[in-house]
Every structure is written in structure tokens, then in C-alpha cells.
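Side-chain atoms are counted along with the backbone in the values below, which use heavy atoms only and exclude waters and symmetry mates. Numbers restart at 1 for each chain; the letters A, B, ... are given by sequence-line order, proteins then strands. These figures come from a predicted structure and were not determined experimentally.
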Amino acid sequence: MKCEQVQQLIPDWLEGEAEAFQAEAIEKHMDKCAVCRDELSFWQAVGTSLREESESIKAPPDFAAGVMAQIPVQQNTGVKNPAARWKRSIAAAAAFLLVTAGSAGAYVQWGLNTAPRVAQNENLPGLVTEHDPGQNDPGTMVPDPGSGGSKDSENEPGKTDPGKDSREPAGNDQEPGTANSGGEKPGSEKDNSGGIKPAGTGNEKDPAQYVWLNAGSERVIERTFLRLSVNDFSAARRQAVEYLDNSGARYEILGTESTASGTQETLKIVVDSDMTDALVGNLKNLGQVKNNESQRDEITARYKEYVEQYRTLESQLAATQDSTEREQLQVKMANIEAQLKAWDKEARTDTVILQLES
Amino acid sequence: MDNSKLLVKKSQKGDTSAFEELVKMYQDRIYALSYQLTGNHADAEDLAQNTFIKAYRALPKFRNEADFGTWLHRIAVNLSINEKRKRRPDVSLDNPVQTRDGEMPRMVASDTESPEEAYENKEFSGMVRRALKELSVEHRAVLVLREMQGYSYDEIAVMLDCSLGTVKSRINRARQTLKKEITRLAAENGRSLPYKDRRRGGEKG
């Protein structure tokens, strides 16, 4: 074997990757060729240098926290399809209603202060009416958390489970991380993201001001789907509105259809978690229950974990004077804060999709 | 290994704490690789973070029979090549103090190593690092995977999505460039082919 060939094979030979016949030839050659022995020394030294470097380099101590702090941000920009199945079914129902109803005049107005307006959601083209007994802010479906976390003690998800058919949280077959973002909004996604200041942004606030109360208390995001067959549609509808008003719920009509054979209407209701049980119980008395499903997303553990991350970042912030680093930490904290607030808000309320048909 | 598979499975179901465990498990390896690929700590941290974030997003596509660490390496290498990361010459590999533990010599001094030898070794390592930095991203990536991470040619071909022949010739060219560069740096330092003397106990330059 010639020097040139040998020298080309040396690195592989050193790593035990040369063929047996090559290895034998190289060894023989080494015995008599000083130039190639130098080459061998050279590659041995290079290999040692490179490998020793790999062993001595460690990730910085806060590395994992830094990665995890960025993951909720990625979540929010992902596809919002947690309750995809429901969303699809609601969208299909609405599309059907629109086709058969034909005109805006077919929409039944519920209540006196209902303001009709155009929905922005691409899944539900057409008119949507919204009823908001609490505030004159049709753009806000979900109550503003206000002082943030102060209503936590009211949240007792254990008793808000009206479903006989509780299922595992959605998300097993979906992109992870999207399971809790925006799933309760089949009809008014735009309103929720655009109309409320704290959700999803939070960067404008000093993150240190937000206090996390009851970080360990149970947080569950609950969604219920209820389909009822009623005898007298108008009477049932009136009664339903009364129940909704009494429970302080807010709702919007996702679609209404009137035909010779009967009427069907779909509502999206947002109600405080502690009222859900009573409300759903009452609604069930309005007619025959055709379908009743609920979905629970337990977010307690994740919530707690995020609060811990937040606190870690907070102490890092206190420990550093470097302005760039402080800025980065604050951005990370704001992102965590936004996610926590969104969860807080969702956990305090439940979403009920009600379908009445006669 | 089974533990990491379990954690991957949990992470795929949206368990972020399981994913955090995975990050902790692999962070040193990915960070070291990122450092080798980028040549400085600032870019290494970005690359390593982006690797994990990308991995998180791509988790649904990950088949759990594959090795998670290898998959992460693949993401890191491809990110570094695709992004053609900017070099920062001011924070460079040739800085002798690059570990976070402070002034540690690269070459661990063995019992038989004299202070002079230790210094030489350190100096040589510095040259290797500087030379590595002079390579193109592609050449550096294959060398890092082969020499530092110990991947086989086949594995590298899969990682970089190119043929075995391409990998072999690329590694060959990378090695030649590296050697040329080290020789040049040695000459600059007034050392003629330092490796000649290193293993012989001969004169020290």
C-alpha cells in the first residue's frame, strides 16, 4: 500500500472502521514508514482534542427552563383544534342551518338586548347573534379575569361534570401543546383573541405584578355538548333564556333553522364553572336529551409547573443586572404569564354548546 | 434508553413536564454538539434551544423506535446548515478559556505529562479548534458528527439526507482542509508540524 492510500485511511482505521485487509496493510506499512507514523500521530492528537472538547462542554444551568419557557409561545401560534371533533360537528350543523334557513330574517332573536352582527370565524360564515346580559361588550365572550386569579376559590371543577360520558382530554392524535388553547371557541375565536387585552399578549405589563394564587388548586377546562329534543320550541327557548339569565351565563347563537317540520337552534354558552351543573341540570329538563357529552382538560399540573418556571425566572431576574439578559427574562416571563392568565380564565368558566330541536 | 422512550411517548401526548425531562437528559449532548457546530457559546445556546423547540413541534412525527438523541442531533445539524449561522469572530473557538468551569486546560494532564507537554497539548487543541472554525458549515458538520460524536458514515448519510459516497468524500475533503489549516496555524506559531514532536518525546518545537 502506498503512503497516499494509507494516509487517507488512517482516520477511519483509528476509529476501527477500516476493512480487515486494509487494517493489516496499514499496520505493515506503519512499521517501516516514519512519514505515515507522523500522520497517525497527527490524527490521534486531533481526535483526542476534538473528543475531549465534547466532554468538557455542558449546557448552562438554566438551559431547560429557557427551552420550556418558549414552548407555551409555540403552543399559541399552533393550530387551534383541540375540540376539533366538536368544532367540526358544530360547523357542519351551522352550515346546514345556513343553507336551509336562507336569509338573516330566519334568525330568531333571543332576548331584548341581542345585537346581530357578522361572525368573523371562517368555520362559521354568516350571521351570529350574541346575547350578553352582563356587559355591553359584544366582543367579549369570556369574562375578563380582572384582578387575576382572585376567583380561583370558586372553581370547583369536581362538581361541574355533568357528563355521563366523560372522555380523556383531547390531543392524543394532535399536535401536542394545542390541547388547551382556544378549544372553547367554536364560534368566536377572533373575538376572544382580539377583544380582550391580557390573553395572548401580556408583554406590555410588568410581569412581576401578577400574583399567582392557589397555584396548586385544581384547574380544569370543561366543555359540554348538549342536544335536546323539545315539544314546544318557543316555550323551551323562552325557558332556556331564563335559565341562562338566572345563572349569569353569556351566550351567542351559532345558528337557527326553521322548517315546516320544526326548528333547530344552536347556542354557545359561557358560564361560571360553579353554575354549570345547575344550568345543565335545568336545561336537561326542557326536553329529551339526545346527546350529552363533556370533555375535561385537567391542567392543574401544567399550571403549577408554569408557575414554578415563572418563579425561577423571577429570581434570575432579580439576580442579574445585565440589561439584555433582563429583557430576555422578562419576555419569557410575560409569555408564561399570558398562558397562565388564559388558563385561569378558561378554568373559571365552562363552555356549553346547546342544541334545541323540535 | 427505555426511560427516554417513555418520556417521548408522554411528551407526544402533550405532557410538557415529560418533555422537560427529555430536555434535561439531552441538553449537555446537544449543547456540546451545538458548540462544536457554531464555535461560540452565544450561537450554541440559540442553536441548542431551537433544536429542542423544533423537536417539540415535530414530536408527532417522531417514530419512537428511532433513537431520540440521534434525532435531536440530526435536527441540530440541519438547523445549523440551513440557517448558515453568522459567525462571531470576537467570541471564537480559539479563546483558551471556553469552559464554564473557568481556566481549565483542554487536555487533561496525565501523570506522565510534563508541564511543557501539557502546554503543548493545550496549544495544539487550540489550533484544532481554530482550524475547525475555518471550515465550511457542511465540512464542519460532517467532521463533528464523525470525529466528535462518533457516528458512522451510514448514520451521517441518513442524518444529512445525502448518499454514502457524498458523506465519504465530504469527510475526506473536510479532513484535508482541517489538516492544511492546522499546519498553517502551526507554522504561524513558529512550530513546524508540532505533531511530529508530540508523541516522540523529542525536542519541543
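Here the closest heavy-atom approach between residue Ile57(A) and residue Ala32(B) is recorded as CG2-CA, 3.8 Å. Shortest non-hydrogen contact noted between Leu50(A) and Gln36(B) is O-NE2, 4.4 Å. Taking every heavy atom of both residues into account, Leu178(B) and Trp43(A) meet most closely at CD2-CZ3, 4.1 Å.
Within the 4.5 Å cutoff, the side chain of Val46(A) has no heavy atoms near those of the Glu147(B) side chain. Tyr56(B) places none of its side-chain heavy atoms less than 4.5 Å from the side chain of Gln70(A). The closest side-chain heavy-atom distance from Lys58(A) to Gln27(B) is not below 4.5 Å. You'll find the side chain of Gln49(B) reaches within 4.5 Å of the side chain of Phe63(A), heavy atoms only. Looking only at side-chain heavy atoms (C-beta outward), Ile182(B) and Phe42(A) come within less than 4.5 Å of each other. Contact check for Pro60(A) versus Glu45(B): side-chain heavy atoms found under the 4.5 Å cut-off.
Atom OG in Ser49(A) sits 11.5 Å away from atom CD in Glu123(B) (nearest 0.5 Å). Atom CD of Glu20(B) and atom CD of Glu308(A) lie 9.0 Å apart (nearest 0.5 Å).
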Check step by step if side chain to side chain contact (heavy atoms under 4.5 Å, CB included) holds for Met68(A) and Phe52(B).
-> CA-CA 9 Å; Met68(A) 297 314 288; Phe52(B) 283 108; over 6 Å; no
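Proximity to chain A (any heavy atom under 4.5 Å) is shown, for Ser152(B), by both the backbone and the side chain.
Within 6.0 Å of CD in Glu4(A) there are 12 or fewer heavy atoms belonging to other residues, nucleotides or ligands.
In summary, Arg175(B) and Asp12(A) engage in a salt bridge, as defined by a charged side-chain N under 4.0 Å from a carboxylate O.
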